[in-house]
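Heavy-atom basis, side chains included; hydrogens, waters and symmetry copies ignored. As the structure lists them, so they are numbered: ligands from 1, and atoms in each ligand from 1. Computed from a prediction, not measured in an experiment: that's the story for all the values here.
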Amino acid sequence: MLTLGIETSCDETAAAVLEDGKKVLSSVVASSIARQKPFGGVVPEIASRHHLENIDVVVDTALKEAGVPLHDVDLVAVTQGPGLIGALLVGTSFAKTLAYSIGRPVIGVNHLEAHLEANFIENEIPRNGYIGLIVSGGHTSLVLSQNGNLKVIGQTRDDAAGEAFDKVAKMLGLGYPGGPEIDKLAKSGNPDKIKFQCGNMPGTFDFSFSGIKTAVLYYTRKNEDFRGEIPDIAASFQRAIVKSLVDKTLLACAHFGMTAIVVGGGVAANTELRARLTGESKRNDYQLLLSPLKYSVDNAAMIARAGFLHFRRGRRDDWNLTGKANLAIGG
Ligand code: KG4
Ligand code: ZN
């Protein structure tokens, strides 16, 4: 079965062809990051325009690279939400039109669920359920997966982890997106130099990342020559974010009696997060699935994979399918 996946929720226009839910025949990503860079973040109108200009070429390229004629596609899967509404509408309209024109079904996919599904292209789903950590530029959530159902058990009360990376990078005069820049600089910095801390939200599985962002801002204001210690600031900030993510994930595993952790989203590419989770999982004898780097940031292979799974479980969407900016997990 051939699934064509289409992703347009934020600044990446992506398409992929997936065979039988397991084999990625092609995965094409056209990013508008270069056009967003001067603004230090994603401008929704620029993203929508970029999708409009590129979506047909990206889909065409994905089909060509896969060696699959359009009429051989069995299912079209598209990101329904959450995301920027203008960007989502470009993807859903295009996907519906394409599916209708070849007489094939279309399925709307939750972008956050797809970030976890990215793990199951190359691995089996843990049989006894798992704790899922979704860390992206727009969301930070902990989910409990049992018997094929996903339930949100915690989320950020303010900024997403990736958003905090991006905003702190901007304060430090680094490029956009900030996560990879901070990750790189942190390698040569001292993580114990500055005592940054994330809000703990005791008694919950929630996160808070806006306080630490403000703490970095005050630090740069108080220390005029902070430019000389940017690697230390990056390392100390990253250490605190990673600690918060790892602590809550382990807490959730213990609380729900889960022994598998599945991680997805752009921040899952972070070197320190990957290393800490790997170490803790070994120590606790947990199974750990970290989405492969190429499927951590936004891509359409994960959308195809999630759409394929829903289709196999019997879900069918009609032609009223449309983008939903705030689509909830399991919604
Ligand atoms: O999942 P994603 O590609 O897009 C959204 O759905 O938001 O995530 C993008 C986010 C950005 O905030 C980016 O700074 C962050 O992922 N990111 C990282 C790293 N690579 C990407 N954050 C920390 N360390 C990284 N290596
Ligand atoms: Zn994403």
| field | Phe196 and Tyr219 aromatic ring geometry - parallel, tilted or perpendicular at 30°/60° bounds | value |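 Correct class here is perpendicular.
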
| query | How are the rings of Phe209 and Phe207 set relative to one another: parallel (under 30°), tilted (30 to 60°) or perpendicular (over 60°)? | reply |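 Parallel, since the angle between the ring planes stays under 30°.
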
Which atoms of ligand 1 are found less than 4.0 Å from any heavy atom of [X]?
{"X": "Val297", "answer": "3 (O)"}
{"X": "Gly138", "answer": "7 (O)"}
{"X": "Gly162", "answer": "12 (O)"}
{"X": "Asp166", "answer": "11 (C), 12 (O), 13 (C), 14 (O)"}

| Is the distance from the Zn ion (ligand 2) to some N, O or S atom of His111 under 2.8 Å? | yes

| query | Can you tell me if Cys10 has an N, O or S atom under 2.8 Å away from the Zn ion (ligand 2)? | reply | no

| 4.0 Å heavy-atom contact, His111 with ligand 1 |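 Flag set, His111 near ligand 1.
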
Can any side-chain N or O of [X] pair as donor or acceptor with the backbone N or O of [Y] at less than 3.5 Å?
{"X": "Lys193", "Y": "Ser236", "value": "no"}
{"X": "His51", "Y": "Cys10", "value": "yes"}
{"X": "Ser244", "Y": "Ala240", "value": "no"}

| Asp298: which N/O/S atom is nearest the Zn ion (ligand 2)? | OD1

| said: If you measure every N or O of Asp298 against every N or O of ligand 1, does any of those distances drop under 3.5 Å? | reply: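 There is such a contact, yes.
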
| message | Check this for me - ligand 1, Gly137, N or O atoms closer than 3.5 angstrom, yes or no? | response |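 For ligand 1, there is an N or O atom that lies under 3.5 Å from one belonging to Gly137.
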
| query | Side chains of His139 and Gln155: donor-acceptor distance under 3.5 Å anywhere? | reply | no

| query | Considering Ser296, Gly179, Gly266, which one's heavy-atom position lies nearest to atom 21 (C) of ligand 1? | reply |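 The option holding the nearest heavy atom is Gly266.
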
| query | Can you tell if the side chain of Phe165 reaches within under 4.5 Å of the side chain of Glu181, non-hydrogen atoms only? | reply | no

May I ask you to identify, for [X], whether its side chain, its backbone, both or neither come under 4.0 Å of ligand 1 on a heavy-atom basis?
{"X": "Asp183", "result": "side chain"}
{"X": "Asn270", "result": "both"}
{"X": "His115", "result": "side chain"}

| query | Going by an N to O cut-off under 4.0 Å, is there a salt bridge joining Arg305 and Glu113? | reply |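 The answer is no: the pair does not qualify as a salt bridge.
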
| query | Hey, is Arg316 close enough to Asp318 for a salt bridge, meaning N to O under 4.0 Å? | reply | no

